[in-house]
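Position 1 is the first residue of the sequence, and the numbers go up from there.
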Amino acid sequence: MVTRGSELRILHLTSAHRLDDVRIRIKICRTLAGKYDEVHLAGPGGDEASSDAVIVHKISSPRNRLHRMAITTLALMVKAVKLRPNLVHVHDPELLPVAIILRTFGIVVVYDAHEDLVSQVGCKSWIPVMVQPVARTFARVVNWISGRTVSAVITATPAIAACFPQQKTSLVRNFPIVREFPTVSPSDYFHRKDRIIYAGGLSWKRGLQEMVAAMR
């Protein structure tokens, strides 16, 4: 358990997300910075300027996927050792080895499961189709080990939450920040103009082809 008897230093680590990622930087780090002593965020890419009391540590951007999983992960591990945090919050599955190592030193570690790791295997074009069944099994093993090693798990959807031990898993949905939207007067549904909104990245794996087909 983390107590407030001394200064509390929280460190967020990400190797696959930008430093200005909305869920990590704005919704989580900014909220924590308003409540705790020190909130640090370390990762590659994006805006490195510290703001909203969030202390940002930018590391070198990876040259490729292998570089990210090896060199970037090692750099984040070194950063965690130097900062000596009370609590570490990791945001990527490839950082789970770092989480396990930090747990051996008695550091509280939270794993944030943004995506369904098992289901994502089929969306990874760099994983050959013949290897995907093995990759799915490996992803299930990773979920099992991480769920029983880290101090707590945060998930973005109920389906992801079902992959981890219920007693240490919390659901934190990635809802929009309501105050960022202008207040509008409601209009009659049947008389207003047709309007279609999509929130998220535009890519094939996120349904771009299906959306175009639906518009026809």
Side-chain angles (χ1 to χ4, degrees), residues 12-35 39 41 43-54 56 58 61-62 64-65 68 89-95 110-129 132-133 135-136 139-140 143 153-164 166 169-216:
H12 285 258
L13 298 177
T14 179
S15 55
H17 296 82
R18 291 168 53 88
L19 289 174
D20 51 6
D21 180 89
V22 175
R23 177 179 173 88
I24 299 173
R25 176 78 173 267
I26 308 300
K27 296 180 180 178
I28 298 180
C29 288
R30 180 187 289 177
T31 301
L32 292 173
K35 300 177 182 294
V39 176
L41 170 61
D47 182 14
E48 61 181 317
S50 297
S51 61
D52 303 307
V54 179
V56 178
K58 185 175 182 178
S61 297
N64 49 51
R65 187 175 292 107
R68 188 188 79 198
H89 191 140
V90 299
H91 291 270
D92 308 296
E94 62 206 49
L95 295 179
V110 176
Y111 172 44
D112 198 324
H114 293 225
E115 308 285 353
D116 186 336
L117 190 59
V118 178
S119 299
Q120 268 198 326
V121 170
C123 299
K124 304 295 186 183
S125 58
W126 53 274
I127 302 178
V129 176
Q132 288 187 5
R136 288 191 184 91
R140 291 188 182 94
N143 281 347
V153 180
I154 290 177
T155 66
T157 69
I160 303 174
C163 300
F164 298 95
Q166 182 179 2
T169 302
S170 299
L171 175 62
V172 181
R173 293 179 180 272
N174 200 17
F175 287 143
I177 301 173
V178 177
R179 65 176 178 272
E180 292 184 351
F181 293 87
T183 302
V184 296
S185 299
S187 57
D188 182 79
Y189 181 84
F190 294 101
H191 294 91
R192 66 188 185 192
K193 295 180 179 179
D194 292 332
R195 185 171 299 167
I196 298 170
I197 299 174
Y198 171 78
L202 293 171
S203 64
W204 294 109
K205 66 181 180 181
R206 293 186 179 273
L208 179 59
Q209 187 175 9
E210 289 76 10
M211 287 190 289
V212 172
M215 292 304 98
R216 297 195 184 103

Original post:
Crowded around Glu210 CD? As in, over 12 foreign heavy atoms under 6.0 Å?
Top reply: yes
**OP:** Evaluate whether atom CG of Asp188 has more than 12 neighbouring non-hydrogen atoms of other residues, nucleotides or ligands under 6.0 angstrom away.
**Re:** yes
Subject >> Shortest non-hydrogen contact between Ala33 and Val54, atoms and distance >> reply: CB-CG2, 4.0 Å
**OP:** List the atom of Ser15, the atom of Pro44, and the distance in Å for their closest heavy-atom pair.
**Re:** O-CG, 3.6 Å
Original post:
So how far is it from Tyr111 OH to Thr169 OG1, rounded to the nearest 0.5 Å?
Top reply: 11.0 Å
Subject >> Value rounded to 0.5 Å, distance of NE2 in His17 from CG in Leu41 >> reply: 11.5 Å
**OP:** Check whether more than 12 heavy atoms from other residues, nucleotides or ligands sit under 6.0 Å from atom CD of Gln209, and answer yes or no.
**Re:** no
Original post:
Hey, is the main chain of Phe175 close enough, under 3.5 Å, to the side chain of Lys27 for a donor-acceptor pair?
Top reply: yes
Subject >> Spacing of His12 atom NE2 and Arg25 atom CZ [to the nearest 0.5 Å] >> reply: 11.5 Å
Subject >> Partner residues of Val212 under the side chain to side chain contact (heavy atoms under 4.5 Å, CB included) criterion, sequence neighbours left out >> reply: Leu208, Arg216
**OP:** Report the distance from atom OG1 of Thr14 to atom CD1 of Ile24, rounding to the nearest 0.5 Å.
**Re:** 4.0 Å
**OP:** Pick out which of Ile26, Thr31, Leu32 makes a side-chain contact (heavy atoms from CB on, under 4.5 Å) with Ile28.
**Re:** Leu32
Subject >> Shortest non-hydrogen contact between Arg206 and Tyr198, atoms and distance >> reply: O-OH, 3.6 Å
Subject >> Taking every non-hydrogen atom, the tightest pair across Ala16 and Asp92 >> reply: N-OD2, 3.3 Å
Original post:
Which pair of non-hydrogen atoms, one from Ala161 and one from Thr155, has the smallest distance, and what is that distance?
Top reply: CB-OG1, 3.2 Å
Subject >> side chain to side chain contact (heavy atoms under 4.5 Å, CB included) evaluation trace for Ile196 with Met211 >> reply: CA-CA 11 Å; Ile196 298 170; Met211 287 190 289; over 6 Å; no
Original post:
Which atoms form the tightest heavy-atom contact between Leu171 and Pro158, and what is the distance?
Top reply: CD1-N, 3.7 Å
Original post:
Is any side-chain heavy atom of Ser61 closer than 4.5 Å to a side-chain heavy atom of Arg68?
Top reply: no
Scan the side chains in residues 112-119 for donor-acceptor partners under 3.5 Å anywhere in the protein, sequence neighbours excluded, and list what turns up.
from: Asp112; atom 1: OD1; to: Arg23; atom 2: NH2; distance (Å): 3.2
from: Asp112; atom 1: OD2; to: His89; atom 2: NE2; distance (Å): 3.2
from: His114; atom 1: NE2; to: His91; atom 2: ND1; distance (Å): 2.9
from: Asp116; atom 1: OD1; to: Val118; atom 2: N; distance (Å): 3.2
from: Asp116; atom 1: OD1; to: Ser119; atom 2: N; distance (Å): 3.3
from: Asp116; atom 1: OD2; to: Ser119; atom 2: OG; distance (Å): 3.0

**OP:** Quick one: pull up CD1 in Ile154 and CD1 in Ile160 and give me the separation to the nearest 0.5 Å.
**Re:** 12.0 Å
